Amino acid sequence: MSPPKGKTVSLFVTCIVDMMYPQTGMSVVTILERLGVNVVFPMAQTCCGQPAFNSGNRREAARVAKQFLRAFDGAEVIVTPSGSCAAMVRHEFPSLFAGDTLWGPRAERAASITWEFSEYLVDGLGITDLGGRLNAPRKVGLHDSCHGLRVLKLGGQARALIGEVENAELSEVPDCDNCCGFGGLFAVKMADVSGAMLQDKVKSITGSEADVVVTGDASCMTQINGGLARSGSAVRCVHLADLLAESLEGQEAPK
Amino acid sequence: MKIESNNFVDLASIAVRNTDQQTAVRRGTRNAYNNRQAAFTQFGYEHGQKLRMQAAAAKRRALKSLPDLLEEAEARMKENGITVLWAEDAAEARRHVQEIAARHQVKRIVKSKSMLSEEIALNGALEGAGLDVVETDLGEYIVQIGGEHPSHIVAPIIHKSKESIRDLMVEKLGMPFTDNSGEMVAFARQRLRPIYLDADMGISGGNFIIAETGTVTLVTNEGNGRLCTSAPRVHVALVGIEKMVETVEDYALLTQVLPRAGTGQHMAVYTSMINGPRRTDEPDGPEAVYVVLVDNGRSKVYATKYAEVLSCVRCGSCQNACPVYRSTGGGAYGWVYGGPIGAVLTPLYVGLENAEPLPYASSLCGACKQVCPVDIDLPRMLLDLRHDMTVRGHGSKLYGFGLWAWSITQRTAWSYRLTAWAARVGQKIMGRWHPGPIGAWAKYRDLPTFAPKTFRQLWAERGK
């Protein structure tokens, strides 16, 4: 992937962030703009098509993916606060349109300029220290979202970013690389199994010392927070961008 | 074994409520997973990865020239004095074993653990023919006396607690009551020893066949494999046609990877390399050795894009790593193979229509690929199988329709906005009433609420 420094970022907020966690999208904007990055939001974007793709309905996935490609046609760099959506664009779009002379090259291009948020900051811009500071000391646990971890090989980036935040202490959550059980329609189709997997995740979080759990996927957040709330725990799962944006509140922007 | 894979959702729902089983499976799989992790990273992460990639290359190479290797292996085994038989399907494989038993006037058979023999439902057929069959792998022995099926490739009774195993042994074998697992094992060993000596025939599986030497290799931890293949006068090895490896070197590599992946051991306790029946100058060993090379659907898979799955070395590490398997155990998968490997193999072997839920029995977390010692891309295969399902019209019509309708709404920005608005309004109207699939979800989690304003609204307002 070509270095994205100095290029305008087209933000892909993903459908879940758009509807459920718009604040996370705003956090990403805050951080990027603070770093002097020019951010645009293509209004025509909808979803990446992952729900249909993962269900085996590739015709439907392609239909949605085309809208993505139309929306981001002129983009220089695409950044998204979701490991699984980034993985969808990067790893599945090219095969989804393989052999398609019209859409194939556009899919290849989108795949080559799409970054997950923490990956863009650390690997793309080479930044780990945002100069952030939390108001009070907090133990920050992590949930490694599956697609980010195993498809995009992420994990170190988020840890590096949190490691630089003053008052944030990285805290070990056992089995942080174990799936939370969301898996899109899996959570609905196999609700009982998904529920059992979530119980495991909730137990390892509540059994740890973490005050807050950070992740890079809004879908995991939806699942984990649903489980934590149901179990009566006060711990919450937040997006990495939200924790970082919070650490920057009231901080002077770097000159 | 009856195929009940279409009942996965119901069987899994029962399994996740079985707390004893849950505890046993979670503990067993987690221990094995952690041990595997330690074994593969002992000399550093890179070393473990290299080992995996080399093993994968050896198996892929063997797979590529499988037809040639099978011929070479057959020729070498014959030279070694082994009788080689071919079985196209389960029925032919069973018939071969029955005929061998009849030819050698066999009455009692001891068996070393073999998943292939489960696959071809051998025990029932042999017992039906009036033969006395005893499983000698401790786990498999418990499965046999309990009238169950193994629930894990490597650890057949991973789903059982020590207490339930004890109770079964007390009830079925008259074992004196004990809480000491060492005493339980010793009791079983005492029961089994005379049976080996009394047996006329031993049946084993085969982990690999080395084509260049015609050697059948066996990996066990209890020594029962060695006894089954050397004490009785006849030895029959049931081996899937995909188990070929080219050279002794390849075998030396794979035999390091298999125990590391399965149990976290650097070497299995017993490794047998069987080169044929007893020679005239040898004091022990069987008089006759047969190898039955079983296809039973394998060549059908070989001809598809799923051929890579035939590289599987049956270590069970994908089962140990899989959060679905950890929650349900192997029984829920409804046939011989559970976990991610079963979710791929079962539909391929028994037909998509007989295992419709299995490709969906995964959150696609990818842990199975990460731990696979021969790097089989199981998540990719699950995705491809789901695609095959929809193309062939299997799977849920309701979800198919739902996704079609959804994809229409995501096709333009305005219909997306309309859907987002409708969802928000819908949630307000429904309140706490959650029909159908949403209700199933809400059973375990508090539902997320739609934000009062979408990001695009916030962004638009910000621009003003």
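Please read all numbers here as calculations on a predicted model, not as lab measurements. We name chains A, B, ... by the order of the sequence lines, and we start the count at 1 in each one.
Interface summary for chain B: among C146(A), S145(A), G183(A), the most heavy-atom pairs under 4.5 angstrom belong to C146(A). Ranked by heavy-atom pairs under 4.5 Å with chain A, the list V391(B), V324(B), T328(B), T409(B) is led by V324(B). Counting heavy-atom pairs under 4.5 Å between each of G402(B), A413(B), P359(B) and chain A puts A413(B) at the top. Top candidate by heavy-atom pairs under 4.5 Å with chain A, chosen from A420(B), S362(B), A12(B), P357(B), is S362(B). Annotation: maximal heavy-atom pairing with chain A below 4.5 Å, among V9(B), L364(B), T419(B), occurs at L364(B). Most heavy-atom pairs under 4.5 Å with chain B, from the set C179(A), G49(A), G181(A): that is C179(A). Between chain A and the residues H387(B), R17(B), R326(B), the most heavy-atom pairs under 4.5 angstrom are made by H387(B). The candidate with the highest count of non-hydrogen atom pairs below 4.5 Å against chain A, out of S363(B), P323(B), S327(B), is S363(B).
Put simply, CZ on R411(B) and SG on C47(A) are 14.5 Å apart, with the number rounded to the nearest 0.5 Å. Interatomic distance, CG of N34(B) versus CG of D175(A), reported as 7.5 Å (0.5 Å rounding). Atom CE of residue M190(A) and atom CZ of residue F8(B) lie 5.5 Å apart, to the nearest 0.5 angstrom.
Between P22(A) and L458(B), the closest side-chain pair of non-hydrogen atoms falls below 4.5 Å. Side chains of R456(B) and Q45(A) form a contact here, defined as non-hydrogen atoms less than 4.5 Å apart. Side-chain contact between L403(B) and L185(A) is present, with at least one heavy-atom pair separated by less than 4.5 Å. At least one side-chain heavy atom of V64(A) sits less than 4.5 Å from a side-chain heavy atom of W406(B). In this structure, Q67(A) and Y416(B) have side chains that are not in contact, with every pair of non-hydrogen atoms separated by 4.5 Å or more.
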ask   = Taking it one step at a time, do Q410(B) and E60(A) satisfy side chain to side chain contact (heavy atoms under 4.5 Å, CB included)?
value = CA-CA 10 Å; Q410(B) 306 293 307; E60(A) 284 72 19; over 6 Å; no
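Interface remark: Y33(B) contributes side-chain atoms only to the contact with chain A (heavy atom separation under 4.5 Å). The parts of D384(B) that come within reach of chain A are both its backbone and its side chain, each placing non-hydrogen atoms under 4.5 angstrom from that chain. M19(A) touches chain B through backbone and side chain together, each having a heavy atom under 4.5 Å away. Using a 4.5 Å cut-off between heavy atoms, C180(A) does not touch chain B at all. With a 4.5 angstrom heavy-atom cutoff, L11(A) touches chain B only via side-chain atoms. Neither the backbone nor the side chain of V151(A) comes within less than 4.5 Å of any heavy atom of chain B. Heavy-atom distances place no part of A332(B) under 4.5 Å from chain A, backbone and side chain included. In this structure, the portions of V193(A) lying under 4.5 Å from any heavy atom of chain B include both its backbone and its side chain. Heavy atoms closer than 4.5 Å to chain B are found nowhere in V28(A), neither backbone nor side chain. For K453(B), the part lying near chain A is the backbone, with the side chain staying farther off; criterion is any non-hydrogen pair under 4.5 Å.
Side-chain atoms of S407(B) do not come within 3.5 Å of backbone N or O of R63(A) as any donor-acceptor pair. The backbone N or O of C365(B) lies less than 3.5 Å from a partner atom in the side chain of R150(A), making a donor-acceptor pair. The backbone N or O of F53(A) lies less than 3.5 Å from no partner atom in the side chain of R386(B), so there is not a single donor-acceptor pair.
Judged by distance alone, the side chains of N57(A) and Y399(B) never bring a donor and an acceptor atom under 3.5 Å apart.
Across D192(A) and S13(B), no two heavy atoms sit closer than the pair OD2-OG, 2.7 Å. Taking each heavy atom of Y360(B) and F186(A) in turn, the nearest pair found is O-CD1, 3.5 Å. In plain terms, the two heavy atoms of T390(B) and S55(A) that are nearest each other are CG2-O, 3.7 Å.
Ionic pairing of R380(B) and E92(A) is present here: one or more N-O contacts between side-chain nitrogen and carboxylate oxygen are shorter than 4.0 angstrom. Under a 4.0 Å N-O distance rule, the pair R30(B)/D200(A) qualifies as a salt bridge. Ionic pairing of K189(A) and E356(B) is not present here: no N-O contact between side-chain nitrogen and carboxylate oxygen is shorter than 4.0 angstrom. For the pair D18(A) and R417(B), the salt-bridge criterion is not met [side-chain N within less than 4.0 Å of a carboxylate O].
In summary, the aromatic rings of Y21(A) and F455(B) are positioned with their centroids too far apart to meet the 6.0 Å limit.
Environment of NZ in K50(B): sparse, with no more than 12 heavy atoms of neighbouring residues, nucleotides or ligands closer than 6.0 Å. Around the CZ atom of R59(A), the shell of radius 6.0 Å holds no more than 12 heavy atoms that belong to other residues, nucleotides or ligands.
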